[in-house]
Amino acid sequence: MLKFLLQGLRAPLTEPPPALDAELAALAAALDRTARKRLGRGLAIRQVDAGSCNGCELEIHALNNAFHDLERFGLRFVASPRHADVLLVTGPVTKNMREALERTWNATPDPKWVVAVGDCGADGGVFAGSYAVVGGVSAVVPVDLVIRGCPPSPTQLLRGLLSLLTP
Amino acid sequence: MTALAALLAAGIPVGGHYPWPCAAVSETVWRDAATTLADGALTLLGLWGEPGRAHMALLEEPAAIAVVSLDCPDGHYPSVGAMHAPAIRLERAMRDLFGLIPEGLPDTRPWLDHGRWGEDMPPAASYPFLPAIGEALHQIPVGPVHAGIIEPGHFRFTAQGETVVRLEERLGYVHKGIEALLSDAQIARAERIVARTSGDSTVAYSLGFARAVEAALDITPPPRAVWLRAVMAELERLANHFGDFGAICNDASFAIVLAHCAVLRERVLRAASACFGHRLMMDRIVPGGVAVDLGAAGIARLRDLLPTLGDAFAPLVALYDKTASLLDRTVTTGILKPELARRFGAGGYVGRASGRNFDARKQPGYPPYDELRFDVPVLTDGDVNARVWIRVHEIRESLGLLEQLLTRLPDGPVLMSLENVSSGPGEGMALVEAFRGDLLVWLRIVEGRVQRCHLRDASWFQWPLLEAVIEGNIVADFPLCNKSFNCSYSGHDL
Ligand code: SF4
């Protein structure tokens, strides 16, 4: 049975990478080239939920499934910010998570990039203006790339992350 | 007279509260309600505040529901939590959000308020965790930032060697001020915020909100919309249960099941996107109906998908059931005793794996489920394995429900306009079954706007039980226990 199940996964589920759109490519081109050279073709990603509704997390999880297979691009999620090149931050940054985000950023070695995910990560989304949120990741740590959407689909996320690797 | 009827009779009926009755009560009756909860004759469905007033929703099983309201102009009310533990965190949250003081509640620590909401707040004082006293104990602090891709919260373990002596949760990290954003909000804005309270249950939240608005305004959405809502709700349940089944196995290092379940989950989300225009079906259920109709192509796509899901899932269940090393991790791990599940009114797979036969789709029930055939699985072992099996059975039931829904989908419009209906005032309430358990929505509409809206996720009554089930288990089994509960942080922190 295990054999049968393993075979089931080998079926051609994995899809070709999405084409980069011009807007994202331009954003990515603006990133520091030297840093990119040093990082090579692999990126270690640390995801930080800074107040998300958990919708963005669901789609980030989906990057790992057989259809999207993130690791084939050299992108992988790591358990500690100390092992990370990229912080993938979701949520409008609640005031209760602000310090934890700052400390995670401080714990990430240079060179590092921050990707703000979702409409919440971009500017607070529907929660902007609340007494309990800062409103967007860039209000707390410097942001290199924004991937909008509510939540962004795995394809949009993949496109954004791949743009970081494009020379 | 039943316990609930007696409480209502002792108060003054509040008009314009639908579909269940509400009574304004005195402090004495409020205290009687707390005593009746503590005696076990009633189950706490919700406890929430607004400036100068406290409300409590009560369930007398199987399906009688009512609300009692207490005016407390001086901001004090008799604590329910002092007598009935499930109310404690709700009361701590009411104090944080509305300044209502629960007289007699021994736990005076804030809950959602971490002391950071003001403009230039000084760093918050350290939070006093409850002590554990004994020989050779050590503490393990975990979070709020965890190792995986999950929501933030803090877990403080006190362990003796490998064995957990006490776990205390500290939540509130993702508090976004949702109930304040919902105060005096346009209905159209409120529905978008409600849909983002817990993304994994966005369909259930929108359904609860829509039903509560419709109750308050006394309107009935068209039949086709009611059935399409159930299609979305069951797709959401399927997607989440597939994900959970895989993730629980993965937390026991059995990754192949997760790999397969992630494919099944993805197939459901892709079908949802093709049929309803959004992978999580966010903002598709609205007061008055649904925002998108399902065409013939969509129906055909879903009907093709269902049998392939069932066929692919069966061998995974067989594999789970035959893998001794996996069962070794899940059987007898993290046992929730039926008595505790009952006292806390634990909803969803947490309650149903511990003998609590409650599913809001059956009791109190709502359309179209009254016209559909399905069973509510109940087990009594209360361990991780039982919570896995409840999900397995529910996946099968949801597949059967979807088949019936798609076969018998009524024709007609899917949305009615709210323009020429009453603009209130009215208070509406709904109890709907999200994938993780019953979700309560209560709101008041005044002049066509949401004046106040309270959302009570099933997690409120499940989180405290996670603390109870891990006691005496080894630290390494916590991820399994936690995943088998899969409580929402965002839905709880609001
Ligand atoms: S962007 Fe949307 S899905 Fe993501 S956290 Fe915000 S509300 Fe949730």
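Just so you know, these numbers use all the heavy atoms, side chains as well, and skip hydrogens, waters and symmetry mates. Note on naming: letters A, B, ... go to the chains in the order of the sequence lines (proteins, then strands), and numbering restarts at 1 for each one.
- Contacts between B:L181 and chain A at a heavy-atom distance below 4.5 Å involve the side chain alone, from C-beta outward.
- Residue B:M282 comes nearest to A:C53 through the heavy atom pair CE-SG, 4.4 Å, listed as atom of the first residue, atom of the second, then distance.
- A donor-acceptor distance shorter than 3.5 angstrom exists from the side chain of B:K176 to the backbone of A:G51, with no hydrogens or angles considered.
- Proximity to chain A involves both the backbone and the side chain of B:R196, based on heavy atoms less than 4.5 angstrom apart.
- Interface residue B:L112: only backbone heavy atoms are found under 4.5 Å from chain A.
- A 4.5 Å side-chain heavy-atom check between B:E151 and A:T90 finds every atom pair outside the cut-off.
- Side-chain atoms of A:D49 and B:Y173, non-hydrogen and from C-beta on, never get closer than 4.5 Å to each other.
- Checked by atom type and distance alone, the side chain of A:N65 never pairs as donor or acceptor with a backbone atom of B:V263 at under 3.5 Å.
- By the 6.0 Å contact criterion, CZ on A:R103 is open, its count of non-hydrogen atoms from other residues, nucleotides or ligands being 12 or less.
- A donor-acceptor pair is defined here as one N or O able to donate and one able to accept, closer than 3.5 Å; no such pair exists between the side chain of A:N54 and the backbone of B:S198.
- Contacts with chain B were tallied for A:C120, A:A50, A:S52; A:S52 has the most, counting heavy-atom pairs under 4.5 Å.
- The distance from the SG atom of A:C150 to the CG atom of B:D283 is 7.0 Å, given to the nearest 0.5 Å.
- Closest approach of B:V145 and A:M97 over heavy atoms only: CG2-CE, 4.1 Å.
- A cation-pi arrangement is found for B:R270 relative to A:F67, the charged atom lying closer than 6.0 Å to the ring centre and inside a 45° cone about the ring normal.
- Centroid-to-centroid, the aromatic rings of A:Y131 and B:H175 come within less than 6.0 Å.
- In terms of heavy-atom pairs under 4.5 Å with chain A, the best-connected choice from B:G148, B:P152, B:P144, B:G243 is B:P152.
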Original post:
Would A:L58 and B:D200 count as a side-chain contact (heavy atoms from CB on, under 4.5 Å) if you check the C-alpha gap in whole Å, the side-chain angles of each, and the deciding distance to 0.1 Å?
Top reply: CA-CA 7 Å; A:L58 295 173; B:D200 52 14; 3.8 Å; yes

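- In this structure, chain B has a heavy atom under 4.5 Å from the side chain of A:R46, while its backbone stays farther away.
- Atoms OG and CG, from A:S153 and B:L269 in turn, are 11.0 Å apart once rounded to the nearest 0.5 Å.
- In this structure, the portion of B:H146 lying under 4.5 Å from any heavy atom of chain A is its backbone and not its side chain.
- You'll find the side chain of B:H278 reaches within 4.5 Å of the side chain of A:P151, heavy atoms only.
- Around the CD atom of B:Q186, the shell of radius 6.0 Å holds no more than 12 heavy atoms that belong to other residues, nucleotides or ligands.
- Neither the backbone nor the side chain of A:V93 comes within less than 4.5 Å of any heavy atom in chain B.
- For A:F127, the parts lying near chain B are the backbone and the side chain together; criterion is any non-hydrogen pair under 4.5 Å.
- Salt bridge absent: A:E59 and B:R265 never bring a charged side-chain N and a carboxylate O closer than 4.0 Å.
- In this structure, A:F77 and B:I149 have side chains that are in contact, with non-hydrogen atoms separated by less than 4.5 Å.
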